[in-house]
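Heads up: the structure comes next, in structure tokens.
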Amino acid sequence: MSATPAQSASPALGYQSPDAARDFPLFQSFQPPVGSALAGRTIAVARYSDIALRPKEVVLTFDDGPMPGKTHKILQALADHGVSATFLMVGQMAKAYPKIAQEVARAGHTIGTHTFRHANLRTMSDAAAMAEIRKGQMSVADALKPIGMAPAPFFRFPYLADTSRLRHELAEEGIVAIDVDVDSKDYFRDAPETVRDRTLRALDKHGRGIILMHDIQARTAAMLPGLLSALEARGYKVVRLVPAGHAEVAGL
């Protein structure tokens, strides 16, 4: 993992409108959620190593959306427990459902990107991969632009299929690649309770971590309230990620 800071003299890919100030970031989409016993601290992220989680701290992440119905149920569960998550949106999904992307931002969650069409970037040339990443970033930015918001410079590789060259290029462009500590495997055809219990077992073994889920899965929406209740009962805290330099967290 490159230690290059996620900062650049040029604007990050797809994140600033032409008439925006050139200093990064300009986001307004990271308002704190309602306080709760489950809500933990906020981490300002300039590089991946900034996500230094303490014991019993988790980051909730959701890939592949937004998706009608399912994303809405996930937003409701998060609101009911007063916690924030990071949504890594696929560009074509944000383009298809911009209003839902806007609802996620307005609810105070952090939005990153996940390519335009969920491509396996390892099967592509570096130039084609970066074009796919840029297209996804710009599509999510376009979905949020009508409400004056923008995505964070956070990205996740589809299938977790990264390369060292792409990671380095992303860092040079000011983009933080978000990895995974606990995979819920909610894409398996299991009952919601099975997904919840598998996630809790993996998390209890690890003790902390970034949890991978998908807001396109009905089983994820169904199991999330129980997962959040179990996390609270076990004494976990949900950490919120925001871009470094955002005014709200500049004093942290």
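Please read all numbers here as calculations on a predicted model, not as lab measurements.
Partners of Arg234 under the side-chain contact (heavy atoms from CB on, under 4.5 Å) rule, at least two apart in sequence or in another chain, are Lys56, Leu200, Asp204, Ala230, Tyr236.
Checked against the 6.0 Å centroid threshold, Tyr187 and His214 count as a close aromatic pair. Checked against a 6.0 Å centroid threshold, the rings of Phe157 and Tyr159 do not count as neighbours.
Salt-bridge annotation for Asp179 and Arg156: absent, with no side-chain N of the basic residue lying under 4.0 Å from a carboxylate O of the acidic one. Salt-bridge annotation for Arg219 and Asp190: absent, with no side-chain N of the basic residue lying under 4.0 Å from a carboxylate O of the acidic one. Under 4.0 Å is where a charged nitrogen must lie from a carboxylate oxygen, and between Glu172 and Arg167 no such pair does.
Taking the side chain as every heavy atom from C-beta outward, Phe154 and Ile175 never approach each other to under 4.5 Å. Contact check for Asn120 versus Met124: no side-chain heavy atoms found under the 4.5 Å cut-off. Within the 4.5 Å cutoff, no side-chain heavy atoms of Arg54 are placed close to those of Lys237. Residues Arg208 and Leu203 form no side-chain contact, since every pair of their non-hydrogen atoms from C-beta on lies 4.5 Å or further apart. Contact check for Val58 versus Leu53: no side-chain heavy atoms found under the 4.5 Å cut-off. At least one side-chain heavy atom of Ile133 sits under 4.5 Å from a side-chain heavy atom of Phe155. The closest side-chain heavy-atom distance from Val242 to Val45 is not below 4.5 Å.
The CG atom of Leu60 lies 5.5 Å from the CD1 atom of Ile211; values are rounded to the nearest 0.5 Å. Expressed to the nearest 0.5 Å, how far CG of Leu241 lies from CD1 of Ile210 amounts to 6.5 Å. Here the CG atom belonging to Leu38 is positioned 7.0 Å from the NE2 atom belonging to His81, to the nearest 0.5 angstrom.
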Distance-only donor-acceptor pairs under 3.5 Å for side chains of residues 88-95, two or more places apart:
none

Would you give me the side-chain donor-acceptor pairs under 3.5 Å for residues 64-75, sequence neighbours excluded?
| unit_1 | atom_1 | unit_2 | atom_2 | d |
| --- | --- | --- | --- | --- |
| Asp64 | OD1 | His114 | NE2 | 3.1 |
| Asp64 | OD1 | His118 | NE2 | 3.2 |
| Thr71 | OG1 | Met67 | N | 2.8 |
| Thr71 | OG1 | Met67 | O | 3.1 |
| Thr71 | OG1 | Asp215 | OD2 | 2.8 |
| His72 | ND1 | Gly69 | N | 3.2 |
| His72 | NE2 | Glu103 | OE1 | 3.2 |
| His72 | NE2 | Glu103 | OE2 | 3.3 |

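The heavy-atom pair separating Thr115 from Ala119 by the smallest distance is OG1-N, 3.4 Å.
Side-chain atoms of Arg198 and Ser184 include no donor-acceptor pair closer than 3.5 Å. Thr163 and His168 form no side-chain donor-acceptor contact under 3.5 Å, judged by distance and modelled atom types alone.
Residues Val83 and Ile111 are members of one and the same hydrophobic cluster, defined by side-chain heavy-atom contacts under 4.5 angstrom among Ile, Leu, Val, Met, Phe, Trp and Tyr. Tracing side-chain contacts under 4.5 Å through hydrophobic residues (I, L, V, M, F, W, Y), one reaches Val140 starting from Ile147; they form part of the same cluster.
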